[in-house]
There are 2 protein chains.
Amino acid sequence: MPLSSPAPASSSNSRAHRRSPKGDRRRQQILDAAMQVFARDGYSNASIGEVAAQVGLTLPGLLHYFPSKTEMLLAVLDMRDQRSPRLQDYPQTLTLEQAVAGTPLHWSKLFEQLLLVNRSNVDIPGVIKAFSLLNAESLSQDHPAQSWFHHRSELMLELITCSIRQGQQAGEILASVDPAQIAVELVSMMDGLQLLWLRHPDRVDLDGHFQRYLERVQRTIAAC
Amino acid sequence: MPLSSPAPASSSNSRAHRRSPKGDRRRQQILDAAMQVFARDGYSNASIGEVAAQVGLTLPGLLHYFPSKTEMLLAVLDMRDQRSPRLQDYPQTLTLEQAVAGTPLHWSKLFEQLLLVNRSNVDIPGVIKAFSLLNAESLSQDHPAQSWFHHRSELMLELITCSIRQGQQAGEILASVDPAQIAVELVSMMDGLQLLWLRHPDRVDLDGHFQRYLERVQRTIAAC
DNA sequence: GTCTATAGGAGGATAGAC
DNA sequence: GTCTATCCTCCTATAGAC
């Protein structure tokens, strides 16, 4: 249920694909390999030649599908946008502005969704590793993934802030709570926990720790 | 007061320096420049040629002080070990084993120290950026900083866990609290918060958010 | 669509003069 | 201690044949 919502007809912002069924399979294959390589080496240290070899292509062969390394990265980010589990009732086309403008999710529903998303991440450590690396790397100057991560984190912050604020207006959350504080906390905890989990997979239980944290947050901010 | 404790005579694990006063100043100058470059580009994407230029040297000139890029990185990490504010009563020579074996800090004292360390980080965004980038980057395979970050996070986890456990034995912390949970949370929050702060310096208040988080943790785990 | 061949550059590191 | 000159490896990207 949390992974629902239909895929959009086509990503609006991406360059038009020539829709050949065989070519699409290749593209997909390449992007999967790319993510594996990014998970191991990050972006700037990764070699797209190795991605090519991994799918049985030469470098120029691969560049036929993605004309540059940067284009390949952006395609990987696009893929994440479309494949990642979505918050219920929030289709993939959601923009930051729509999230702020629209009716926010009920906060307890949002928390539940965050928990489920986090839980599903346990099964895809490679993906999480790639995006944790990219998340930090994108802080460096003129990184091609900078705006993607910037926008994404902004979206998350707004989403949570709005839900909390609405919970306050409904009298379900203490008025003394700062919505922005909770939003920043949740995003920080998710990202930081992922890093620590990747470094100490045996010692850190991604799902368990986040669950217990979230429960404490809930108990602390709930009215009465 | 939190920044106390004397610098050790010389870092035990590092290659012996030829102690020339002028050379030491140069070394220092290079390491400062290196950290700036690492803060902007990360490690693997950084060019030590640029570090050289920044201190008015050519590449071979710089390699006279640090024979390889890796050695330079390790020297930067060493510097962090020696310069960073230390937990009161815990001199720099503390090893993981000693921390576990010795008498742990009182938990409220530890929390206070964490708060102060975090607060002092606000003034050195460049250093924090370099180390946040390196922290993630070091997850990649065979990264020269891998063991440094691994050991460091392990140390932090043990330090916190022991303090919490001792608080429980003293009856000051609820027995129902899992010490490892709190340790993982604190480390994750600090690292995650730094990342989000670096991305949204205007929106995220590093000191304020951590302070409010820590206060809530304290209220939640305190007995009675 | 996929290849061979090649251009073009950047970065790390060494040799050896001063 | 610092330089010039050089080497070598690796990488992205293009040209053009099949």
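Keep in mind that this is a model prediction, so the values were computed, not measured. A, B, ... follow the sequence lines: proteins, then strands. Residue 1 opens every chain.
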ask   = To the side chain of A:L57, which of D:dC3, D:dG1, C:dT2 is closest?
value = C:dT2
query = Base, sugar-phosphate, or nothing: which does B:A52 touch, judged by heavy atoms less than 4.0 Å apart?
reply = nothing
query = Of A:L63 and A:S47, whose nearest nucleotide on DNA chain D comes first from the 5' end?
reply = A:S47
remark   = Against the side chain of A:K69, the closest entry in D:dA13, C:dT14, C:dA13 is D:dA13
key: Side-chain donor-acceptor pair present, A:E185, A:Q181, cut-off under 3.5 Å   = yes
query = Taking atom P of C:dA13 as reference, at what distance in whole Å does atom CG of B:L73 sit?
reply = 12 Å
task = Evaluate the criterion side-chain hydrogen bond (donor to acceptor under 3.5 Å, both in side chains) for residue pair B:R199 and A:S138; output intermediate values, then yes/no.
result = CA-CA 9 Å; B:R199 194 179 300 285; A:S138 70; 3.0 Å; yes
inquiry  = For a quick check of understanding: with a heavy-atom distance under 4.0 Å over all strands, which category does B:L62 fall into, base, sugar-phosphate or nothing?
reply    = nothing
Atom pair distance, as rounded to whole Å: CZ in B:F66 and C1' in D:dG1 = 14 Å
message = I need the CG-P distance between A:L59 and C:dA5, as an integer number of Å.
response = 15 Å
key: B:H200: partners by ring-ring contact (aromatic ring centres under 6.0 Å, His included), with sequence neighbours left out   = A:H150
ask   = Counting side-chain heavy atoms from CB outward, which of D:dT14, C:dG1, D:dT2 is closest to B:H64?
value = D:dT2
task = Among D:dT14, C:dT2, C:dG12, find the nucleotide with the atom closest to the side chain of A:R26.
result = C:dT2
ask   = Counting side-chain heavy atoms from C-beta on, which of C:dG1, C:dC3, D:dG1 comes nearest to B:Y65?
value = D:dG1
message = I need the CD1-P distance between B:I48 and C:dG11, as an integer number of Å.
response = 10 Å
task = Quick one: do A:Q29 and A:R26 satisfy side-chain hydrogen bond (donor to acceptor under 3.5 Å, both in side chains)? Show the steps, please.
result = CA-CA 5 Å; A:Q29 199 184 358; A:R26 261 283 200 234; 3.2 Å; yes
Whole-Å distance separating the CE atom of A:M72 from the C1' atom of D:dA13 = 14 Å
ask   = Within this structure, what is the CD-to-C1' distance between B:Q29 and D:dG1, rounded to whole angstrom?
value = 14 Å
query = Tell me: CD of B:E71 to C1' of C:dG12, nearest whole Å?
reply = 14 Å
ask   = Would a 4.5 Å heavy-atom cut-off, applied to side chains only, mark B:L63 and B:I48 as touching?
value = yes
key: Nearest-angstrom distance from the residue atom CZ of A:R27 to P of C:dT2   = 13 Å
key: C:dA5 OP1/OP2 closer than 4.0 Å to side-chain N/O of A:T58   = no
